[in-house]
Amino acid sequence: MNNLLSRGAIAAIFRGENVSCPVLQLLACKKMNAAASGKAVDRYRLMLSDGEHTCTAMLATQLNEMVSTGELDVKAAMKLKNYSCNPIANDRRVIVVLDLDIVKKGSEIGVSIGDPTPMRAPGQGGAAPAQQQSRPDSTVSHDPPQTARPTSYGTGAPASATPNKQGTFYGQSNSAMGGSTTSPKKVQPISSLTPYQNRWTIKARVTNKTAIRTWSNARGEGKLFSMDLLDQSGEIRCTAFKDMVDKYYEMIEIGKVYFVSRGTLKPANRQYTSINNDYELTFNNDTMVEPCVEEDVSIPAVQFDFKSISHLEDTPEDSMIDVIGVCKSTSDLTAVTIKSSNREVNKRSLQLVDDSQKEVSLTLWGKEAEDFDGSGNPVIAVKGARLSGFGGRSLSVLQNSIFQVNPDIPKAHHLKGWFDSEGHSQDSQSISTRQGSGGGGGANTNWMTFHDVHAQNLGQGEKPDYFTVKGTILFVRKENCMYMACPSAECNKKVSENGDGSYRCEKCSKDYENFKYRLLLSANVADSTDNQWATCFQETAEQLLLKSAQELGSLKDQGEATEKEFNQVFQDACFIDYMFRMRIKMETYNEEARLKCTCVSAQPINVRDYTNKLIKDIRLMASA
DNA sequence: CCCCCCCC
């Protein structure tokens with residue numbers, strides 16, 4: 001038992017030695033109540049022992065759960081895989097435990113090992129204070145350091161006046177702007193950074209962090225990630241390349257505060273960022289990033305610089321802007337094939353409205369599009385959306401954007417109140433004239449009757465035409481409404497039966513043991529003027545039939561037993577009204593030109609939108 | 001040193 005602890009480790013750490021993975025015993029653990037201390041989260045104060053000395057430590061909040069679950073109990077022996085030793089007032093030190101492994105549970109040990117006495121900071125002649133962290137690749141040291149010397153107690157110079165061996169030191173109590181008088185190295189505001197100085201330290205919150213991305217071009221290849229840093233004075237975008245990615249990617253967490261010192265500052269290109277700074281920061285070999293272990297509420301959270309939607313009309317295309325609005329409606333999820341890369345990606349458009357009574361279309365991509373739920377008209381805030389010129393003006397959420405749903409900020413509450421009380425019933429004008437496939441029904445929808453569609457020869461051009469029509473389902477074809485599709489999530493291609501119970505997908509060039517049903521439904525849609533056959537793919541077809549492809553497939557598979565029920569599905573789908581968003585295009589099939597109409601979305605009639613359309617029609621007739 | 005961010 002006596003060999004369990006790293007004897008002498010605490011003295012060595014206090015002298016500034018790099019003690020790797022010391023094993024210490026937890027003698028006491030006290031919860032510092034968050035509410036009482038005015039902090040955001042509870043903190044645990046620990047008393048640790050190496051068998052010779054005890055010292056005070058704080059548990060990093062991400063490890064709080066180890067205490068609350070009982071995993072870390074009093075008398076436990078723990079290996080400090082990552083920690084820092086920081087000076088506090090009166091030359092005292094506190095160890096902050098950043099990562100640990102339990103070596104033996106307290107319930108198994110049961111006693112305090114050795115007869116430790118309280119450790120105090122080294123005095124004059126002692127080594128510098130440590131701000132070091134153990135390296136993950138260093139060897140585990142259970143043995144007491146061979147170099148251990150008798151601890152000298154005394155009244156030396158303030159520990160915090162001595163830089164450590166890395167040459168930097170910052171008191172953890174510094175504010176972002178001034179720094180305490182005991183700190184030799186001032187933390188300076190982000191807004192003061194320029195390329196013309198190279199020794200600086202900032203204390204900033206990470207407000208955004210990208211995934212690691214790789215690139216390969218004529219100038220070489222590599223990987224990078226970028227992050228946004230914020231303090232009271234401003235913000236800056238930082239990028240880490242290659243080695244720096246390995247060094248810092250894991251450490252950086254969104255929302256946390258870090259000390260960052262040194263790095264390369266270069267002019268920012270506003271085309272690629274909405275971060276309000278003339279410069280960007282690139283990490284280099286001299287860059288040091290260290291987590292600030294105490295949550296500092298004086299370092300603010302995400303900063304927006306919202307532009308009203310009406311303002312976007314006269315903002316240049318391709319600008320990066322911050323926007324906030326109520327999500328008035330959303331389109332269905334649609335898959336888009338990217339021409340350049342032949343990749344498929346999901347997208348969804350939202351219609352945002354604000355109290356300038358203007359609407360704009362905002363496109364989400366990939367997972368953000370898939371996960372988005374617009375029910376209940378949430379407030380959407382985006383930092384760093386790209387303003388495109390499509391259909392007038394529309395917005396796109398990029399990788400670097402911060403996308404927030406119902407953010408807890410005053411402007412969001414204001415807009416929600418506005419929308420609930422009056423905005424929802426007011427007319428708003430979209431600055432995105434051609435909407436995504438959403439159909440919408442807003443002021444700029446191109447409403448058509450089938451008569452007009454045919455009379456105006458829509459779909460004859462090179463590009464397909466889109467229109468919205470209020471129509472009624474007259475008939476849906478049950479024959480061939482389903483096909484056996486490749487079971488792989490990304491592939492929906494038709495499979496063929498191999499005859500041995502397996503299924504062949506030619507697109508994947510692969511045999512599968514199963515398949516999934518996909519719907520490909522022909523529906524005859526009519527309004528008072530004419531009718532049109534339209535093709536409905538999976539999602540819209542499921543919507544019109546009020547059944548999933550899987551359910552319908554199972555009814556079909558059961559044959560006669562469920563034939564009646566199967567047929568009923570198609571009966572029930574008829575004579576229901578929808579607002580259809582249609583795509584129409586003339587296509588040549590077996591040397592025969594045929595007008596192909598695809599239903600992009602079908603939505604229940606929005607009475608307000610449809611009534612507005614009728615009122616407009618009536619006004620037009622009256623003025624004619 | 002990235003900076004592509006897609007589609008209608």
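Residue A:Asn400 places no side-chain N or O under 4.0 Å from the OP1 or OP2 atom of B:dC5. Regarding contacts with the backbone of B:dC2, a side-chain N or O of A:Trp215 is found under 4.0 angstrom from either OP1 or OP2.
Residue whose closest nucleotide on DNA chain B sits further toward the 5' end, between A:Asn269 and A:Val345: A:Asn269.
Across all strands shown, A:Glu280 has heavy atoms under 4.0 Å from base atoms, whether or not it also approaches the sugar-phosphate. A:Thr273 comes within 4.0 angstrom of no nucleic acid atom, judged by non-hydrogen atoms across all strands. If you check every strand for non-hydrogen atoms under 4.0 Å, A:Ser396 touches sugar and phosphate atoms only. Using a 4.0 Å heavy-atom cutoff across all strands shown, A:Lys223 reaches no nucleic acid atom at all.
What separates NZ of A:Lys266 from P of B:dC2 is a distance of 8 Å, to the nearest Å. One atom, CG of A:Leu362, and another, P of B:dC6, lie 12 Å apart when rounded to the nearest Å. In this structure, the CG atom of A:Asn217 is 9 Å from the P atom of B:dC4, given to the nearest Å. Protein atom OH of A:Tyr272 is 11 Å distant from nucleotide atom P of B:dC1, rounded to whole Å. For A:Asp246 and B:dC1, the CG to P distance is 20 Å, given to the nearest whole Å. Across the protein-nucleic acid pair, A:Asp243 atom CG and B:dC1 atom C1' stand 12 Å apart, rounded to whole Å. Straight-line distance from the CZ atom of A:Phe225 to the P atom of B:dC5: 23 Å, rounded to whole Å. To the nearest angstrom, P of B:dC4 lies 14 Å from CZ of A:Arg343.
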Begin from the C-alpha positions of A:Lys613 and A:Asp617 and carry the test salt bridge (Lys or Arg N to Asp or Glu O under 4.0 Å) through to its verdict. CA-CA 6 Å; A:Lys613 170 232 177 333; A:Asp617 288 351; 2.6 Å; yes
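No N or O donor and acceptor, one from the side chain of A:Arg583 and one from the base of B:dC8, sit under 3.5 Å apart. For a distance-only test at 3.5 Å, the side chain of A:Arg237 qualifies as a donor-acceptor partner of the base of B:dC3. For A:Lys347 against B:dC6, a side-chain-to-base donor-acceptor contact under 3.5 Å is absent.
Under the 6.0 Å distance and 45° angle rule, A:Lys209 counts as a cation-pi partner of A:Tyr249. Annotation: cation-pi pair A:Arg594/A:Trp533 absent, no NZ/CZ under 6.0 Å from the ring centroid and within 45° of its normal.
Partners of A:Phe241 by ring-ring contact (aromatic ring centres under 6.0 Å, His included), not counting sequence neighbours, listed by chain and number: A:Trp215.
Of the candidate nucleotides B:dC7, B:dC2, B:dC6, B:dC2 has the atom nearest to the side chain of A:Leu224. With B:dC1, B:dC4, B:dC6 as the candidates, the nucleotide lying closest to the side chain of A:Arg213 is B:dC4.
Looking at A:Asp286 and A:Asn198, their side chains never come closer than 4.5 Å, going by heavy atoms from C-beta outward.
Relative orientation of the A:Phe580 and A:Tyr578 rings is perpendicular, given thresholds of 30° and 60° on the angle between their planes.
Residue-nucleotide stacking is present for A:Phe390 and B:dC8, judged by a side-chain ring centre under 5.5 Å from the six-membered base ring centre and planes under 30° apart.
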